[in-house]
A.B. asks: 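Structure below; questions to follow.
Each chain gets a letter, A, B and so on, in the order its sequence line appears, and its residues count up from 1. In this text, all values refer to a predicted model and were calculated from it rather than measured experimentally.
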Number of protein chains: 2
Amino acid sequence: MIQETRRTLASHTPVYFAGDRATDLVRVERGVVMVFNLFEDGRRQIVDFVTAGELLHFQFDGELDHYAEAITEVELVSAPSDAALSDPVWAEYIFQQMRGRLDRDRRHVTLLAQKSAAERLAEFLIIVSDRLSTPIGDIELPMTRQEIADYTGLTIETVSRLFSRWMRERRLVVTGKRTYRIEGALAA
Amino acid sequence: MIQETRRTLASHTPVYFAGDRATDLVRVERGVVMVFNLFEDGRRQIVDFVTAGELLHFQFDGELDHYAEAITEVELVSAPSDAALSDPVWAEYIFQQMRGRLDRDRRHVTLLAQKSAAERLAEFLIIVSDRLSTPIGDIELPMTRQEIADYTGLTIETVSRLFSRWMRERRLVVTGKRTYRIEGALAA
DNA sequence: CGCTGCCTTGATGCTGATCAAAATTAGTGG
DNA sequence: CCACTAATTTTGATCAGCATCAAGGCAGCG
């Protein structure tokens, strides 16, 4: 039997830091956690937004090489890595989660390699729509403009300008506090 | 006992295509294979350069979603995925390989998010140096300028100009047919 | 020796970063 | 509920860096 511990964290609370010992695997039960790296020059690269049912990292021992921080209120479940690895159900789950992360990373690489800022941001919205949003078509954006910028490799000003333009052109419509809907083709 | 099949491919030969059925896992024994995606507009995004001891993909069933092509003469070993997955030694190896790919993808994301072309290309050379090169300090570049461009998200002209500049400034020195050595700081 | 593919170099223009400031939103306490 | 402050977002003006278009050079191979 795996000993799982559960905890709830408020929005914008660190989950762990780079350099922390990786003793436990962490699953997000509710909410969204961002995984990121920090650089000497102060830049922050957001690597992934992790949501319900997904594992935060795949470091089974040694030190963590990245940061994790809640961007909404989150509920987390931790389990000791060594125990999880030897449990067949957990092992299968870990396997599947690693494949999911590989797919998301590939998509992220593709996003970042896009030539224009509009293409990158459009792809970002599609990704978020696929992963974090309601099936009705609304896009939930729990993250700030700065966080979007740090994921897409753009500046906050460029992100803001594109949102403004798309909303002016009615390609993107506000449907709630943090929700939007795509009405037309964005990339243009 | 896992039934492994071995084959040798010439430089610039396709290993598999997107859409192919993923029945086998493929390990590179010798040489370098590039893994990439193609887009409607003709762009090619190179996702990884896979070298000796590494697995090409982690798709255990269904259709492959990317292409693989030898960029040097390569020796490959294939094994049926289902058999490999149930073999404990292979399972452990697959696990470790997935973690390696995750790390490389993260590094690739970091590279692509770099602001300047010089920073991207410098990071690329460091990565290649770490992964494909001799321990003496020489950097082996088995790939073409176009392939470097398609990995770093730059154009071939920009890549060429940076190489020229660095060589003019003696930061980078040619030590062989396809080998270079870094003499100073590149990023500048 | 000439052809083909790859690489280099040059000139120009556009896109998005940067700097700066205004506008809006969120947060706090009375 | 409102006033006040802080944080976030938006908008504007300017400019550098890289993509693009266009030639020319060079190596490999018949």
A.B. asks: With clusters built from Ile, Leu, Val, Met, Phe, Trp and Tyr whose side-chain heavy atoms come within less than 4.5 Å, directly or transitively, what are the remaining members of the cluster of A:Val15, listed by chain and number?
C.D. replies: A:Leu9, A:Tyr16, A:Val26, A:Val28, A:Val33, A:Val35, A:Val47, A:Val50, A:Leu56, A:Leu64, A:Val74, A:Leu76
A.B. asks: Would you kindly check if the NZ (Lys) or CZ (Arg) of A:Arg131 is within the cone defined by 45 degrees around the ring axis of A:Phe49 and under 6.0 Å from the six-membered ring centre?
C.D. replies: no
A.B. asks: Identify the 5'-most and 3'-most nucleotides of DNA chain C with at least one atom closer than 4.0 Å to a non-hydrogen atom of chain B.
C.D. replies: C:dC7 to C:dA11
A.B. asks: Got a salt bridge between B:Glu29 and B:Arg27, using NZ or NE/NH1/NH2 to carboxylate O under 4.0 Å?
C.D. replies: yes
A.B. asks: Taking for each residue the nucleotide of DNA chain C bearing the nearest heavy atom, is the 5' side occupied by A:Gly153 or by B:Phe163?
C.D. replies: B:Phe163
A.B. asks: Is there a side-chain contact between B:Tyr93 and B:Asp87 (heavy atoms, below 4.5 Å)?
C.D. replies: no
A.B. asks: Rounding to 10°, can you tell me the angle the first-five-pair axis of the helix from C:dC1-D:dG30 to C:dG30-D:dC1 makes with its last-five-pair axis?
C.D. replies: 50°
A.B. asks: Between B:Arg106 and A:Asp65, is there a side-chain N and carboxylate O pair less than 4.0 Å apart?
C.D. replies: yes
A.B. asks: Among all residues two or more places apart in sequence or in another chain, which pass the side chain to side chain contact (heavy atoms under 4.5 Å, CB included) test with B:Phe17?
C.D. replies: B:Pro14, B:Asp20, B:Tyr67
A.B. asks: Could you check whether B:Glu119 and B:Ser116, counting side-chain N and O atoms only, form a donor-acceptor pair closer than 3.5 Å?
C.D. replies: yes
A.B. asks: What pairs with B:Asp105 under salt bridge (Lys or Arg N to Asp or Glu O under 4.0 Å), at least two apart in sequence or on another chain?
C.D. replies: none
A.B. asks: Closer to the 5' end of DNA chain D via nearest nucleotide, is it A:Thr144 or A:Lys115?
C.D. replies: A:Thr144
A.B. asks: Just call it for B:Ser164: base, sugar-phosphate, or nothing, with non-hydrogen atoms closer than 4.0 Å on any strand.
C.D. replies: sugar-phosphate
A.B. asks: Can you pull the contact range of chain B along DNA chain D, 5' to 3', using atoms under 4.0 angstrom from its heavy atoms?
C.D. replies: D:dC18 to D:dG28
A.B. asks: Are more than 12 heavy atoms from other residues, nucleotides or ligands located less than 6.0 Å from atom CZ of A:Arg30?
C.D. replies: yes
A.B. asks: Which comes earlier along DNA chain C counting from the 5' end, the contact point of B:Arg145 or that of A:Thr155, where each point is its nearest nucleotide?
C.D. replies: B:Arg145
A.B. asks: List the steps and the verdict of side-chain contact (heavy atoms from CB on, under 4.5 Å) for B:Arg99 and A:Met98.
C.D. replies: CA-CA 8 Å; B:Arg99 292 207 36 196; A:Met98 287 179 86; 3.2 Å; yes
